[in-house]
Each structure stands twice: as C-alpha cells, then as structure tokens.
Q: 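Mind having a look at this structure? Questions to follow.
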2 protein chains.
Amino acid sequence: MENIKSYVSQHKDRFINELIELLKIPSISADSAYSQDVLNTADAIKIALEKAGCNHVEICDTPGYPIVYGEKIINKDLPTVLVYGHYDVQPADPIELWTSPPFEPVIKNTEKHPDGAIFARGACDDKGQMYMHVKALEYMTKTGNLPCNVKFMIEGEEEIGSSSLAWFVERNQEKLANDVILISDTGMISNSQPSITTGLRGLSYVEVEVTGPNRDLHSGLYGGAVANPINVLTKMIASLHDSNNHITIPGFYDKVEELSSQERAEMAKAPFSLENYKKALDIDDIYGETGYTTNERNSIRPTLDVNGIWGGYTGEGAKTVIASKAYAKISMRLVPNQDWKEITDLFIKHFESIAPKAVKVKVTPHHGGQGYVTPIDNIGYQAANKAYTETFGIPAIPQRSGGSIPIVALFEKELKSKTILMGFGLDSDAIHSPNEHFGVFNYLKGIETIPLFYKYFTEMSK
Amino acid sequence: MENIKSYVSQHKDRFINELIELLKIPSISADSAYSQDVLNTADAIKIALEKAGCNHVEICDTPGYPIVYGEKIINKDLPTVLVYGHYDVQPADPIELWTSPPFEPVIKNTEKHPDGAIFARGACDDKGQMYMHVKALEYMTKTGNLPCNVKFMIEGEEEIGSSSLAWFVERNQEKLANDVILISDTGMISNSQPSITTGLRGLSYVEVEVTGPNRDLHSGLYGGAVANPINVLTKMIASLHDSNNHITIPGFYDKVEELSSQERAEMAKAPFSLENYKKALDIDDIYGETGYTTNERNSIRPTLDVNGIWGGYTGEGAKTVIASKAYAKISMRLVPNQDWKEITDLFIKHFESIAPKAVKVKVTPHHGGQGYVTPIDNIGYQAANKAYTETFGIPAIPQRSGGSIPIVALFEKELKSKTILMGFGLDSDAIHSPNEHFGVFNYLKGIETIPLFYKYFTEMSK
C-alpha cells in the first residue's frame, strides 16, 4: 500500500471539501426541530458510500432515525470488517461561545493543530472520524487494495442513546455478520503518540423533576413555610456525593471492577501533566473522588454529574418567586460490570427515597449503555497497533476512555464480535463543546492508517 | 360620606374599564424589552391623576424609570396624606400557565370571588390596589368630600428594588412632606375579615455565579476529574440550611427580633386551617424551620429561598456535558432589626468562603430593603381600622406580612412618618404567579373604604 500516501496527498483538498459539505448540515438528533436535517444527512452518507465503491447501499428505516447500511463483498471466504459510525451531532449551545458558526465550517490553525483544524459541530464527533472510513474505502476500491469484505452501519441517534440501532442490530444479525467491528469515535493521546481505546465507561442518563406547590408562589408570602422545590432539589443532588466524593446511592459500587495496583501502575505510565491539565481548563484545582488520580477518576471510576439544571426565574433582573417545579438532567458514567439498567433502578429508588414528603419527585430514564473492555491480545487490536506503528512510526498505547459508546457492549452481545476503537481525535478537540474541531493532520492520517488495518487484519486472520 | 356607596355603584363599570385599560400595558420593569411600556404606563397614571382632581401632576425624572407625582393641596393647616403605589409589574412567565393572556384582562368568577375577579398581571399587585386611591380621590374631589391635603407618589421600579424611588425621596423631602403615608400593596385575611399589615419583612436579593472549567466539557472524558459547577452549586446552596432548616450563614440571626410567647399567642389567633393551606397548594406536607408554625415561618422569621437556578443543557433530550458555569438567584426575607446590607455582606463573605478551590464564585447583590413595624396605637392605624369597621362591619385584625416593601423603612427614615398598609387583596390572588387576579368586590370596597380613612385621620389629627 505504498501508494496510499500519494493518493491522500493527491485528493486531500477534495477529501476536506467533502467533509465540510457534510458538516454544514445541522444533524442534531436531540432537538426535533432539526429532524429534516438529520434525514438529509443520512441521504448524503448513502451517496458518499456509493461513490466510495460499496456495491449495495440502503437507508434502513427504524422506529427513530434511519440507519445507513452499505457493503462491498468481494469474497465470502475472506474476513469481514463492520465499520460503525454516527451521522448525528450534539446540540451546539451555548451558541454564543462559538468563535465561528457551528454549521459553517472553517479551517483555523491552533497550537495543537499547526496544519489547521476544521471547526464545526461534528467535525470530530463523529462526522469527521466516520468519513475517514468512507475515504479509506474509496482508496482501497479505486486502487484495488481492498483485501477483505466491508460493511458500513452509520446511525443517526448516537448522541441520544442509539435506541433505534439496538432495535436494528437485534433484527439483522445475519446482515451484520462480521469478524471485527471498527469504530473511530474516540481520541488518541497526541499527534505524535497514538493510542487505542481498550475500555469504555457505561452510561445511565436520567431526568428528575421535583414539584412543590401547584403554582409559582410569592416568596414573601410563602417563603419559609412551604418546600421550595429548587432548594429541595439542591439538597437531594448534593446528598448524592459524600465528603470524599463517593456516590451515596446504596449498591452503586457493588459490581465496580477494582483494578490491581499493577494495572493502575501501567495506567500511570501514560504521559500526563497536572499543571498543563489545570492550565488548559483554567482551574486552580482538580476535584474528584478521594484516593484516585485524575486519569483514574475519568476512566476506571464511575461518576455522577448534573448535565443541566433549571427552575424558577432565570431572566434578567430579579423575581421574588418560589417555583412550582425544578428540574435536572443527571448522568452517571459506569465502569465494566456495572449494569446500566440496574444502576438506573438504584438511582430512581434512592432519589425517590430521599425526597421530603413536602415535594413530589418524578425520575425519567433517558437512555444508557454498558461499559466495555477490549483485550490487547485480540488480533483486531494487534492489527490496529501495527497500522498505527507504520503511519506514526511509534506503537499505540492502550487506554481506558471515560467516554461511553453504549452500543459497543451490545455489538458484542448480539454480533459476537469485538470492537476495535481506532480514534484519531484529541481530547482538546472540544467535542460536545463550543468550537469543536478536528485536525486536518488527524483526518488525513486516519485515512492513511485505516487501509493498513484492513491489510494486517486480513493477514492475521488467515 | 353616606353617598360614597351610591357614587361607586353609579360609576363602577367605568372604574373597572379604566383599570382594565391600565392593565393592558405590560409594564414589566425587570425586562428592558418592555421599557417603553413602563414609560407609557407612567403617562397613563399622570392623566388619571389629573382627571381625578389633582391640581398639580408631574412626571419626575430619575436615574431609572420616572415617578409620577400629583397633589391636591386644599389648606396648608390641614393634615396631608401621601399615597404611595407602583405602576410596574412582575414578569409574566411562566406564560404557558396563564389561562388567559396576562395583558388581556378578563373578568372571571372564582370560588373566593363570586362577584368576579379581573385576571391580569398587575391586577392586584399593584395597579388595581393603587388605582383604588385614584378613584377614591375622584369621589372626594367631585363630591366635595376631600377633608385634607393629598399627595401621590407612584413609582415604576418596585418590582426591581425601588432604587430610583430612594434616590427621589432623599432629594425631595419637602415636596413629599406629609403626616401619614398610605399604601395598598398588601393583602387581607378574607372578604369578610379585613386585616391591616403592621409588619413587613426586609429583603436581600443576590445572584451567584459558579465557574468551573473555562468551557463546557464532555462529561465522559472529564466527568469525575474536574469540579462540575452545577454539582458544586447544589452543594453550596444545600449547605445554607441545616437539618432544622436554620440558615447557616454565620451571624445571620444575631439581630433577629424574637417575639414574646404572648405576641406569638396573639398571632396564633388569626384564623388558619393547615388542611386548607395544604389543599390549596396541593402539597402533602409543609416544610420549614423547626420550632415555628406556618404563620410564624412566613412572617416573623427570616428565610432563604432560591428564586431561580440554571446551568448546562436544559433543552429537549440529553446532552452529556459538564457546564462551564452555573447560576442561581437567591433572596433572603429579613425581619425587623436585620440590616439588609449587613446580611448581604454576610452572605457574600460566607458563600465565597464555602466555595472549593476548584471553582470561582461571583456574587452580585441585586437589591434589598429593611423590615418594618407599625404600632397599632398610631392614629393612622386607628383611622384605617375605623374605616374598615364601617365598610366591612367588623374590625380589622393586625397582621405581620411575610412580604417586603423595602421603601417603607426608607419613608420612615427620610420622611419621618409612619406608613399605613391598607391592603384589599387576598393571598389567593396569585400575585407574582400566573393568573394573578383582583376581586371586583375588593376593588370597589377599597374605593369605598379609603375616603373614610381620610375622614377619620383628619378628625383624629385635630
């Protein structure tokens, strides 16, 4: 595949422009106002897969947003790689913090990306990383370098829990049959140090509603005499962590996988500067569970974060009101062995149990997923590591990620195959934040590296 | 004044229609989007005072919204009544909970108001109650029944702290010289049991901002390792009350006036049904400071309530984000002897002191005011009580209100006169809430009762 480098450099402007066009479509799955844009993005992916050389592409209906399925089967006796990605994106707010409009992509140089980065919602998560695979396929088909069969499954609900994908996978096990699943929806340590994500955290996402009086009240006439649902909600949420920042939900830690001191020592080898970490976030101190390092807190330990809270008067100026209702969106990151449905039930039971009689509480589960681990002796992992080693000139480091791709655990259960997480983004790419971006270097390097995975995986499968 | 009843019944349709026109103007002082409406309301008040018989009316500029001043001086040797009211109103949100548009007044019958009530923002607080005084003046001037001098001072910033009024009063003590100040901006027990408010709570209103990381973060990649400003804010707010719902701010209670068991026994005589109270608010239990009754908690005890809270993702669906900032609006109701500026300083000092090093905290004071007490041996109180006794056929009960009219304490300091709080609204009139209304009976009864106050106050002043 010596010609991969030249093919990429020859077509890189087109590769970038095609991605920019894709990023212009605001495919925000969480907000129904954008539903037509989400559907339009699915159509765009279908066309892109056909052009890239798939011999069969279809848009598969689901109870929610459709799944784009494409395949290029060259020989039933050869292994099959199933590529998964998603074409939906996170909401863009707070919109006012974007330095350029989230759906008008621009290329700007940054300290981490001297060759330029594409700024747009979804640039890294996941349109940019997903599209690397489409362009890698284009290279392999156009140059006769496709060594095995390939299937694509690109969904539109990853940012809202992938419920339709779960529905689809359960019903299409034969169609989706594969030898390895390949996903680029994670990050790597730096542009000079590739890494492969070997662990993912699970997720349980709930919304809580606390109701006090049946209407908003004058805080002078009623203040002090009735339960203020906002005050009560803050007390309830605050009580979910103890003074060591341990989560207080009974049974929450029962199944948490405890790593050996040896494994923790291995993790500690990953390059990390606390000073740079604090500087990058402009914080005077870190904060978290007693007894664990920053890298452990955000990868091997479960967490509980409020992702949103609202209630009462939030406009300009002052209003002396006691709100009737207060709300919060709360998510828990889970580690391998914690079952997200079980944790969700424990949360609901506990949260209802700590509510004072003066309020009514409603907990609505949004979605969730299990954690996941890939063993590094898996040939998929080894093929990916060889590919990185060849294009970066240095082996990849195995890493546990704090993020969640709930569907990965489901793939293993339903499709009986392991997933290889070849991420090319950086933690500093601000995914889920204003000014999300994806390095041009990373995008092109991904397109270069992916065909090598196909090559080595096919060879090792013999 | 035997003809007052007939005058009111003869003109009542016009009285109601004039008020409805006034209520159509959305004079929301807290939201600058409505500033022209606030100014238009001032003009409408000026015209109304001129028509009612004032011989001099002017719109007085201030650093903020103007004050409408009017007077009818008939004899320098006679006592002077200064009427205070406000023409601004609270914001109308949550707008979706109104059964009719807040600024399109309609008359509907309710259980408490079988003769109908006018539904509109400001119907009771305070346009309706303020306008009773304008119509009472009309009666007295048109029928030669004005027994003393009268001055009107109607402001447009009561709902945002009356700062311009304070500025105005300090600069116009001579112009505002009076023997008693009359205000209708409070409530009474019921349409069959009048009451006079003899005490008001003070107020300190602040806004807090908690900043964590310098940008919104992915809760998977950073969750558990950095301070989540929303989680931290809930912990900080929760810690402001102990398990007995005592406020934990050091020094907060130092100057609180403790009532004697005798005074508390007097208060306990006011008719009150806990069952009806819970039923009216649809709550299973009350909630408040240990050791005090509901009527004590909302009148003679200081409180701390969150009036609004917001941060992170509050839209539809789920977003796994750690917000950069979280906010809350917090107000404290104060009792006589607590100084609002001192309490505000104590709050700021304490709130900053409990912030973990991992976040930055900013506290912005919005406004405040002192508490107030009127002794019942004051002739103004006695004149008001005689007026109520005559029109309602039963004496008024003196009552401490939990609400705040910060300006009342300032009047006493600057103008050296006592304020009589002749309220005609009901607690159930939903002021500051959706579907605010004011009973037609209460409106007309107020117009009937006010001239009698002038009569008896003038007689008792001889």
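Hydrogens, waters and symmetry mates play no part in the numbers below; they use all other heavy atoms, side chains included. In what follows, every chain begins at residue 1, and chains take the letters A, B, ... in the order their sequences are listed.
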Q: Side chain, backbone, both or neither: which part of A:T303 has a non-hydrogen atom closer than 4.5 Å to chain B?
A: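 Just the side chain, heavy atoms under 4.5 Å.
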Q: What residue in B:P229, B:G288, B:G403, B:A318 has the most heavy-atom pairs under 4.5 Å with chain A?
A: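 Most pairs with chain A among the choices: B:A318.
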Q: Chain A heavy atoms under 4.5 Å from B:S433: which part of the residue, side chain, backbone, both or neither?
A: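 Both the backbone and the side chain of B:S433 come within 4.5 Å of chain A.
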Q: Can you say whether A:Y327 sits under 4.5 Å from chain B via the side chain, the backbone, both, or neither, judging by heavy atoms?
A: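 Nothing of A:Y327, per the 4.5 Å heavy-atom cut-off to chain B.
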Q: With sequence neighbours excluded, what pairs up with B:K278 under the side-chain contact (heavy atoms from CB on, under 4.5 Å) test?
A: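 B:L274, B:E275, B:I283, B:I286.
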Q: Taking every heavy-atom pair that is under 4.5 Å apart, which of B:Q90, B:H218, B:M236, B:R297 has the most such pairs with chain A?
A: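 If we count pairs closer than 4.5 Å to chain A, B:H218 comes out on top.
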Q: Which atoms of A:A280 are under 4.5 Å from chain B, going by heavy atoms: the side chain, the backbone, both sets, or neither?
A: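 For A:A280, backbone heavy atoms alone lie under 4.5 Å from chain B.
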Q: I'd like to know if A:E296 and A:R301 make a salt bridge, using a cut-off of under 4.0 Å between side-chain N and carboxylate O.
A: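 Salt bridge: no.
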Q: Using non-hydrogen atoms and a 4.5 Å limit, figure out which bit of A:P91 sits close to chain B: side chain, backbone, both or neither.
A: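 The answer is both parts of A:P91.
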Q: Could you tell me whether the side chain of B:K357 reaches within less than 4.5 Å of the side chain of A:Y287, counting heavy atoms only?
A: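 They are not in side-chain contact.
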Q: Is A:V359 in contact with chain B via its backbone, its side chain, both, or neither, using a 4.5 Å heavy-atom distance?
A: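 Neither part, no heavy atoms under 4.5 Å.
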Q: Given a strict heavy-atom distance threshold of 4.5 Å, which part of B:L304 is in contact with chain A: side chain, backbone, both, or neither?
A: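 Both backbone and side chain of B:L304 come within 4.5 Å of chain A.
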Q: Do B:D216 and B:S324 get their side chains close enough for a donor-acceptor pair, meaning under 3.5 Å?
A: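 On atom types as modelled, these side chains do not qualify, holding no pair under 3.5 Å.
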Q: Non-hydrogen atoms of chain B under 4.5 Å away: do they reach the side chain of A:T294, the backbone, both or neither?
A: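 It is both, since atoms from each part get that close.
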Q: If I measure from the heavy atoms of chain B, does A:S401 come under 4.5 Å with its side chain, its backbone, both, or neither?
A: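 Contact with chain B involves the side chain of A:S401 alone.
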Q: Between B:K329 and chain A, which part of the residue has a heavy atom less than 4.5 Å away: side chain, backbone, both or neither?
A: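 The answer is the side chain of B:K329.
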Q: Side chain, backbone, both or neither: which part of A:H367 has a non-hydrogen atom closer than 4.5 Å to chain B?
A: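 Contact with chain B is through the side chain of A:H367 alone.
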Q: Is B:A323 in contact with chain A via its backbone, its side chain, both, or neither, using a 4.5 Å heavy-atom distance?
A: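 It is neither, since no heavy atom gets under 4.5 Å.
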Q: Report, one line per pair, each donor and acceptor closer than 3.5 Å where one atom sits in a side chain of residues 308-317 of chain B; sequence neighbours left out.
A:
from   : atom 1 : to     : atom 2 : distance (Å)
B:Y313 : OH     : B:E316 : O      : 2.5
B:E316 : OE1    : A:S32  : N      : 3.4
B:E316 : OE1    : A:S32  : OG     : 3.2

Q: If I measure from the heavy atoms of chain A, does B:L217 come under 4.5 Å with its side chain, its backbone, both, or neither?
A: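 For B:L217, heavy atoms of backbone and side chain both lie under 4.5 Å from chain A.
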Q: I'd like to verify something: which residue of B:S219, B:P213, B:P94 has the highest number of heavy-atom pairs under 4.5 Å with chain A?
A: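 The answer is B:S219.
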